[in-house]
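Values in this document were obtained by computation on a predicted structure and should not be read as measured data.
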Protein chains: 2
Amino acid sequence: MFAHISPSPACPPSILGLTASHASFSSSEFNYRKGTEIYGEKEPAEYVYQVMSGAVRSYKLLSDGRRQIGAFHLVGDIFGLENNDIHRFTAEAVVDTTVRLIRRLSLERVAHTDPALARHLLVMTTSNLQHAEDHMLLLGRKTALERVAAFLLEMDRRTGVGVVALPMCRRDIADYLGLTLETVSRALSKLHACGALDFLGSNQREIVLVDRAQLAMLDT
Amino acid sequence: MFAHISPSPACPPSILGLTASHASFSSSEFNYRKGTEIYGEKEPAEYVYQVMSGAVRSYKLLSDGRRQIGAFHLVGDIFGLENNDIHRFTAEAVVDTTVRLIRRLSLERVAHTDPALARHLLVMTTSNLQHAEDHMLLLGRKTALERVAAFLLEMDRRTGVGVVALPMCRRDIADYLGLTLETVSRALSKLHACGALDFLGSNQREIVLVDRAQLAMLDT
DNA sequence: CGAGGGTTTGAAACCTCTCAAATGACGTGG
DNA sequence: CCACGTCATTTGAGAGGTTTCAAACCCTCG
């Protein structure tokens, strides 16, 4: 793949909740071009990743190509954290993306002696679990319109203040929501017609203005 | 609810992977009648539970009553393990059920000083996460027939050797698989007609003989 | 034996998917 | 700077799988 080593720019102070007290972690950065694979399902999990810029999708495939995206990872998010040795998803860059990575083994080594880090790993795993539990309800029981509304609210909650930039294409959204890209497009059109959202910029992936109250009515 | 204290019968040696070295846990047993609630979503999580006999369903509800069952807990399973203070599901007895319970606080207290237990809690949370991840793929991308086949294979894997007793009704299965009870019934009929399974006993909930190879062909 | 709940099966409705075409956005090269 | 090719998105029309509504059947239990 097209992974290029890049010099470390100004570093955010914390990865994995680690502070200066954990200076022993070697963390380096990598760039992935749009669409390239970061790791594959069932590959050995050598690293844990944090998104520095860009966005990542984690997905599973059925043998005939049907795809279910389990999560999008946005700036600041940690992903690839496996407590087994093997990745359970494939991870790909949605757009050009920079990630920071830490060796899983070094993390585990420290976690063995540092209860605070061990607890932090549990907290992260729990929040992944919580997201998956909520997503099961969406996939099993919500309508197309409800799913798209919930997706926009999730992106809004995670990224900003009523203005959401969507880095992923309609097909990605569809595979996240268990729909087809056409159904997603129709739902967005309907929400647009209802005034629940507006598009800013010529490209409709760029920015979406969200009316939280109106979307929340669909989030039962 | 109709929870009755029962005298402790012969105790399996281990709960939560704890051995004799953790004698400090007070564990008592409770009985729940079929259909009664063990705990509700958003209730404070005071206990962690292990199924001694019977079966339990964990579910979330939408405001209009749509239900998504996230998991069935069978004999030996641990459930109600929250790392937050609040239950994220409602748990109900599918049939008359006996559970053993441990105070969450006492568990956390020990986990703070016992790395082995802390690691075990992470392992359990991870396996819950793994199940949820697989279930997202099922709910988002599999057909009705594939879902029912996957369900039977899961029950077979968890309970026995080609013979599965289904304690839950069609509606429970449907709410687990994101379908309606009629669709589940039709899928079972089709699998029966294909020879992929047989019913033993007059009541069709009781025992199902599974042809693993044939079901596995549907498990893409 | 009758009542009640669970299951099966049928028929029609409906939501989403599939297939298709038109439109729009963007980069490249003339 | 515009023409063109490519890719993403939108929109339409029809098909299809699942749901809804309904009725019959079965099993259990009082």
Candidate nucleotides [options], ranked by approach to the side chain of [X] - the nearest:
X        : options                : result
B:Arg170 : D:dT11, C:dT16, C:dT8  : C:dT8
A:Glu182 : C:dC17, C:dC19, D:dA22 : C:dC19
A:Thr143 : C:dT16, C:dT8, D:dT19  : C:dT16
B:Ser185 : C:dT9, D:dT10, D:dT18  : C:dT9

Rounded to whole Å, please give me the gap between [atom1] in [X] and [atom2] in [N].
X        : N      : atom1 : atom2 : value
B:Lys142 : D:dG17 : NZ    : P     : 19 Å
A:Leu145 : C:dC17 : CG    : P     : 13 Å
A:Leu166 : D:dT9  : CG    : P     : 10 Å
A:His192 : D:dT9  : NE2   : P     : 16 Å
B:Asp175 : C:dG6  : CG    : C1'   : 15 Å
B:Leu181 : D:dT20 : CG    : P     : 10 Å
B:Lys190 : C:dG10 : NZ    : P     : 13 Å
A:Glu146 : C:dC15 : CD    : P     : 12 Å

- Task: Applying side-chain contact (heavy atoms from CB on, under 4.5 Å), name anything that partners A:Val95, two or more places apart in sequence or on another chain.
- Result: A:Thr97, A:Pro167
- 5′-ward residue of the pair B:Arg186/B:Lys34 relative to DNA chain C: B:Lys34
- Which of parallel (below 30°), tilted (30 to 60°) and perpendicular (above 60°) describes B:His192 and B:Phe199? perpendicular
- Judged by nearest nucleotide, the residue sitting upstream toward the 5' end of DNA chain D, B:Gly178 or A:Cys169, is A:Cys169
- Query: Under the side-chain hydrogen bond (donor to acceptor under 3.5 Å, both in side chains) test, which residues partner B:Gln130, sequence neighbours left out?
  - Reply: A:Asn84
- Residues A:Arg57, A:Asp172: salt bridge by 4.0 Å N-O rule: yes
- Residues A:Arg104 and A:Glu82 bridged, charged N to O under 4.0 Å: no
- Task: Answer with base, sugar-phosphate or nothing: what part of the nucleic acid does A:Leu188 contact at a heavy-atom distance below 4.0 Å?
- Result: nothing
- Item | C:dC15 phosphate, OP1 or OP2, under 4.0 Å from A:Thr183 side-chain N/O | no
- Message: So, does A:Arg171 get its side chain near the phosphate of D:dA8, meaning an N or O under 4.0 Å from OP1 or OP2?
- Response: no
- Under 6.0 Å between ring centres, would you say that holds for A:Phe89 and A:Tyr59? no
- Message: Before we go on, tell me: are the rings of A:Tyr49 and A:His73 under 6.0 Å apart, centre to centre?
- Response: no
- Message: Tell me the bend of the helix from C:dC1-D:dG30 to C:dG30-D:dC1 as the angle between end helix axes, each from five pairs, rounded to the nearest 10 degrees.
- Response: 30°
